[in-house]
Amino acid sequence: MIYTEKHAPAVQWRRRREQARARLAAARAALSDCRLCPHDCGVNRLAGGRGLCRADASAHVFCAQIEVGDELELIPTFAIAFNGCDMRCAFCITGADSWNASRGEPFDAWALSRRAEAALDEGARTVMILGGEPTIHLPSVVELVSLLPDATKIVWKTNGFVSTEGRGLAEGLFDVWLVDYKFGNDECAQRLAAIENYQRPVQETVLWAEENTELIVRHLLMPGHVDCCWDSVARWLARHLPSTKVSLRSGYWPAWKARGTSELARTVTRAEEGRAVDIAGAYGLHLIE
Amino acid sequence: MKTTVHLRRKPRQPSASVEDILILSDGKIMAHNLSPRMAALLSELSPNDKAMRRRSGAKTSESQHELRART
């Protein structure tokens, strides 16, 4: 097998734990003036301050288990879900946990790394770190990565709403960036996730991830948003990253606040699903299952 | 009549497994946080669901792992 510099796992693995250990102090210090995401709050989380994500310096985990619902090339995965998020998606299926950074079990890097190792021994192919949004807990994640076995294939599942500083702290630590590109325009992002200026940072993250690691872009189809969101995302991907793996997910259901929102109170129809696949085909996207 | 069934398995211990299953009136099954064991069960219930069959084929000795996690 020929390894390129970009995807050189054997080299990267040897250095990853070392990199993570060397980055721990800087990651922790970043919380004193938190700008890990584009909200750019600048609060001192080490002193108990909380920005828009409402997370202080502590991290909590609401789920850590083997799962097979993600992309086929990543499963079975040992999925570790952190509480707290920098977005407020009305349809969040884990809203109660994702919106509340203080719920869940207190983060224990050593215990989680041991459980991850056990899962890998028993057949898990990857370890997936997700949320909520894990970016807001990068210091804890860096600590976890510093304890994982060198050969672990680590997947970073993110909403892409990550700052330059956040990407810098994450660089070199993960094998796959699974970026959930949710909205095709700023208006839908503002209305459904309370996010201003969504597009630019997410597109920057996607382009950065393509350049620096292995990338999978995921898009969850939402009812009534095939044209405004999926078509727009697909068109952008076709233009900028035509060979990137794209995972089009149709399993939306009205959860959390979406139950009371007429715009989102139904599942995606088969017609919408079919049209979305047609759009992907028309743009020549590389869909994966 | 349009009906859906939403099942949630969430034990008190957050470290144990969490999963959500939604069964629509047309028989379509959707899942979140799908465990290997549930994938195998759903695949048996719906043998024509190719996607579920592929996921149920992604095997681990999950049952042992879950027991370990709970103790």
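Keep in mind the model is a prediction, meaning the values are calculated, not measured. Residue numbers start from 1 in every chain, and the chains themselves are labelled A, B, ... in the order their sequence lines are given, proteins ahead of strands.
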Test side chain to side chain contact (heavy atoms under 4.5 Å, CB included) applied to A/Arg270 and B/Asp26, step by step: CA-CA 11 Å; A/Arg270 292 191 189 275; B/Asp26 64 359; 3.3 Å; yes

Where A/Gly251 and B/Met30 come nearest, the two heavy atoms and their spacing: CA-SD, 3.5 Å

If I take atom [atom1] from residue [X] and atom [atom2] from residue [Y], how far apart are they, to the nearest 0.5 angstrom?
{"X": "B/Ser35", "Y": "A/Glu67", "atom1": "OG", "atom2": "CD", "value": "8.5 Å"}
{"X": "A/Thr94", "Y": "B/Asn33", "atom1": "OG1", "atom2": "CG", "value": "7.5 Å"}
{"X": "A/Trp253", "Y": "B/Leu24", "atom1": "CH2", "atom2": "CG", "value": "9.0 Å"}

Electrostatic pair A/Glu273-B/Lys28, nearest N-O below 4.0 angstrom: yes

Chain B contact via A/Arg249 - which portion, at a heavy-atom distance below 4.5 Å: side chain

Exam field: side chain B/Arg55 to backbone A/Asp70, donor-acceptor pair closer than 3.5 Å: yes

Non-hydrogen side-chain atoms of A/Ile93 and B/His32 separated by less than 4.5 Å: yes

